[in-house]
Amino acid sequence: MAQRKMIVFPTKNELSEAMAEYTAKLSAKFIKEKGLFTVVLSGGDLIDWLCKLVQPPYIDSIEWSKWHVFWVDERVCAWEDPDSNYKLAMDGFLSKVPIPDKNIYAIDKHSAADGNAEHCAALYEDCLKNLVKEKIIPISKKTGYPEFDLQLLGMGPDGHMASLFPNHPQINEKQKWVTHITDSPKPPPKRITFTLPVINSALYNLMAICDKAPAKSVAEIMKHNNFSLPSAHLSAQVENVWYLDQAAASEL
Ligand SMILES: O=C(O)[C@H](O)[C@@H](O)[C@H](O)[C@H](O)COP(=O)(O)O
C-alpha cells in the first residue's frame, strides 16, 4: 500500500490548479492504457475546487467521453434536493463537460427520493457488480475489491472521509462494498458510502483539504497517525496524496 504524501499549496487557487492537472494526467494515462477512466467523486467543497477542469486547457484536452463517474458517498435524498451530491456535481461540473449520461452512475433515483438508505446502498453495490461483469471496473488482484483509477476525497473537521465518521461502525465493514448510515453527525443523516477496503483499493487517492476548520484533524493524522479519525486509514494501491492549503496545514 502507498505511503501518504503531502503537498501544501499557498492558496486554494493553486491547490485547485494542481488537482486539475493531476486529474487530467491520470485521465490521459488510463485512457491510453485501457480506453477508459474511472473517477470517484465526493461531495462538499471539492466540486468547487474542480472548477479548473471546465476551463482551458482541460475542457478541450480531456477525452470526456471515456470517463465513468461514481460517488464515494451520497446523501439519501431526491436528485433535485440541494443536499444531493449528484446535484452538486451536476450543477458545478458534470453538466459542463460532455460525459455520456450512461457513464454517470448516480444513486438510484426512486429509492433515494423514498429515503431508503439500506436499499440505496444495496442497489449501488449491484451497479458496481454489473460494471465488473461489463469490464468497466476490474477487481484488484491484490485487494480482491473493485479497483477505481482515481478517487477525489475531502475530509470534514471531525476527520471523516466519504461517510465514514468517527465512532460509527461503518469504518469496520469489510464484507460489503457499499454500506449505509442513518445517523450521520453531518447532516443530512441518511447516506450511503463506499466501505474502507473499497476506498483503499483505488489506484490513486487524492485527498484535498482547505481552510482552518479541519486543521486540527490534519495535524492529528499527520503527526500522530490518530486512527480514531477515519481519514487516517486512507491508503491507495499506487498513490495516496494529500493536497492542503496553508490554512489546513496551519497546525502542522
Ligand atoms: O457528502 C459529504 O458530506 C461529502 O462527501 C463528505 O465526505 C465531504 O467530502 C467531507 O465532509 C468534506 O466536506 P467539505 O469539503 O464540505 O468540508
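Since this is a predicted model, take the numbers as computed values, not measurements. Counting convention: from 1, in listed order, for ligands and their atoms alike.
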Quick check on the hydrophobic clustering: are Ile7 and Leu206 connected, directly or via other members, by side-chain heavy-atom contacts under 4.5 Å?
yes
Establish, yes or no, whether a centroid distance under 6.0 Å links the rings of Trp71 and Tyr86.
yes
Please find the pair of heavy atoms, one from Leu153 and one from Ser42, that lie closest to each other, and give the distance.
CA-OG, 3.5 Å
List, ordered by chain and residue number, the protein residues whose closest non-hydrogen atom lies under 4.0 Å from any atom of ligand 1.
Ser42, Gly43, Gly44, Asp45, Asp73, Arg75, Asn85, Gly154, Met155, Gly156, His160, Ala162, Lys186, Arg191
Residues Arg75 and Asp81 bridged, charged N to O under 4.0 Å:
no
Close side-chain approach of Arg4 to Trp242, heavy-atom, < 4.5 Å:
yes
Might you confirm whether atom CD of Glu33 has over 12 heavy atoms from other residues, nucleotides or ligands at distances under 6.0 Å?
yes
